[in-house]
Every structure is written in C-alpha cells, then in structure tokens.
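Notes for the one structure printed next.
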Amino acid sequence: MQKKRQSTALVAAAIAVALALAGGAAAALLGRSSAATTTIKVTEREYHIALSTTTPAAGTITFSIRNAGHITHQFDVSGGGLTAIAKAGAIRPGTTKSLTVKLAGGTVKVWCPLPGHAALGMRATLRVKGASSPTPTPSPTTTNSYTWG
C-alpha cells in the first residue's frame, strides 16, 4: 500500500510539473507575440537612406535612425494607417535616434524632410505586410519643399 501511495504521489507531482512547464511556455509565447516590436535600422547620409528591411509585418515598428552623414538630417514616416506624419526631428551627424509607430499595412513612405534632401535621394518606400489601412493617411505629397511625393 505504501508503494502505491508513493507511486501515485510521484505521478501527480510529474503531472503538476508538466502542466506548470506547459503553462509557462504558453504564457511566454503569448507574451512575446503580443508585445513584439520590429526594429528597422535606418542609415542616413548625404543623400541616401538605407533600410535594414523594406517588407516588415504590420504592428509596432521602431526605426533606429543613425545619421552617418556630415550634416544634420531628419526622418519622417507616412502611410500604413498613421493619422499624421510621424517625425523623428533633427538627427545630428554621428548620432542615433529612435521613432516608434504602429503600422497597419500597405505602402509606407520615409524621407528626410529638409529642403531638397528627398529630391536628392533621401527617400524610401516600405511594403508593410498585413491588412491595409482602410483610412487614407496623410501623404507627403505637398508643394512645399520640405516633403517628398
């Protein structure tokens, strides 16, 4: 009788450990997927923007923008469900700045809005995988020289 109790207790303990491990793994997976942020490395220099990827999945995107040039640049983002143009502001030479946005999918434009910079090549387009935004977002296609279109 003693051996049967010990055997039952060991089986119960093993089941409890297995359930705890399975629950922890499920929680870790769920937590990781809901809080996932994609980081896109951006390198700006006279007069070019390089992106580490141009086809991210929809969701939270952090642009890590490094100015590898010799003059101050800026970085703007439009499209993908944004209700306004997202702006990183001034980025001095040799520094890095981050800009985090939530993108729903579709075409996203990025550019340096300083006068003439986008026209000289400081612009790029991303194709964000996911549901396209049902609402048109602001486009950087204005007549002022600070935007790209």
Side-chain angles (χ1 to χ4, degrees), residues 10-149:
L10 286 174
V11 169
I15 291 172
V17 168
L19 288 173
L21 289 173
L29 286 174
L30 290 173
R32 203 173 292 131
S33 65
S34 64
T37 298
T38 299
T39 299
I40 297 177
K41 293 181 181 180
V42 180
T43 303
E44 290 187 314
R45 63 174 41 98
E46 295 78 32
Y47 291 94
H48 179 71
I49 291 180
L51 305 170
S52 62
T53 184
T54 58
T55 56
T60 303
I61 309 283
T62 296
F63 292 96
S64 178
I65 311 137
R66 183 177 187 296
N67 182 349
H70 300 289
I71 62 174
T72 298
H73 292 293
Q74 294 183 14
F75 187 81
D76 285 0
V77 179
S78 177
L82 295 175
T83 58
I85 295 173
K87 301 172 180 276
I91 307 164
R92 290 178 288 131
T95 63
T96 300
K97 200 174 221 185
S98 292
L99 175 65
T100 301
V101 295
K102 188 166 184 175
L103 300 174
T107 300
V108 174
K109 293 183 178 183
V110 299
W111 71 100
C112 177
L114 293 176
H117 287 210
L120 290 170
M122 291 192 75
R123 62 184 182 267
T125 302
L126 290 92
R127 304 279 182 231
V128 179
K129 296 180 260 179
S132 292
S133 171
T135 308
T137 56
S139 175
T141 56
T142 65
T143 56
N144 104 22
S145 63
Y146 290 88
T147 57
W148 164 58

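All heavy atoms count here, side chains included; hydrogens, waters and symmetry mates do not. No experiment lies behind these values; they were computed from the predicted model shown.
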[X] vs [Y] side-chain heavy atoms within contact, under 4.5 Å:
| X | Y | result |
| --- | --- | --- |
| I61 | I40 | yes |
| V42 | R66 | no |
| T62 | L99 | no |
| T43 | I49 | no |

Point to revise | salt bridge (charged side-chain N to carboxylate O under 4.0 Å, His left out) partners of residues 81-103, not counting sequence neighbours, each pair once | key: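 Qualifying pairs, neighbours excluded: D76-K87.
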Point to revise | Residue pairs involving residues 41-60 (criterion salt bridge (charged side-chain N to carboxylate O under 4.0 Å, His left out); sequence neighbours excluded) | key: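 Residue pairs with at least one partner in residues 41-60: there are none.
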side-chain hydrogen bond (donor to acceptor under 3.5 Å, both in side chains) involving [X] - partner list, sequence neighbours excluded:
| X | answer |
| --- | --- |
| R127 | T107 |
| T95 | none |
| S98 | none |

Sequence-distant partners of [X], side-chain contact (heavy atoms from CB on, under 4.5 Å), two or more places apart:
| X | result |
| --- | --- |
| A90 | T72 |
| L120 | Y47 |
| T54 | L51 |

Exercise for review: Evaluate the side-chain contact (heavy atoms from CB on, under 4.5 Å) criterion for residues L82 and L103: first the C-alpha distance (whole Å), next the side-chain angles of each, then the deciding distance (0.1 Å), finally the verdict.
Suggested key: CA-CA 7 Å; L82 295 175; L103 300 174; 3.8 Å; yes
**Study point:** Listed once per pair and sorted, the ring-ring contact (aromatic ring centres under 6.0 Å, His included) pairs that draw on residues 72-108, sequence neighbours left out
**Key:**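 Every ring-ring contact (aromatic ring centres under 6.0 Å, His included) pair that includes a residue of residues 72-108, provided the two are not neighbours, is F63-F75, H73-H117.
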If you look at every heavy atom in [X] and [Y], which pair is closest and at what distance?
| X | Y | answer |
| --- | --- | --- |
| T39 | S64 | CG2-CB, 4.2 Å |
| G69 | P93 | O-CB, 3.4 Å |
| A58 | G105 | CB-N, 4.1 Å |

Check your understanding: How long is the gap from OG1 on T125 to NZ on K109, to the nearest 0.5 Å?
Key ->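 So the OG1 of T125 and the NZ of K109 are separated by 6.0 Å.
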Check your understanding: Is there a side-chain contact (heavy atoms from CB on, under 4.5 Å) between I85 and V77 once you walk through the steps?
Key -> CA-CA 6 Å; I85 295 173; V77 179; over 6 Å; no
**Study point:** Side-chain donor-acceptor contact under 3.5 Å, T60 with T37
**Key:**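 No donor-acceptor contact under 3.5 Å links the two side chains.
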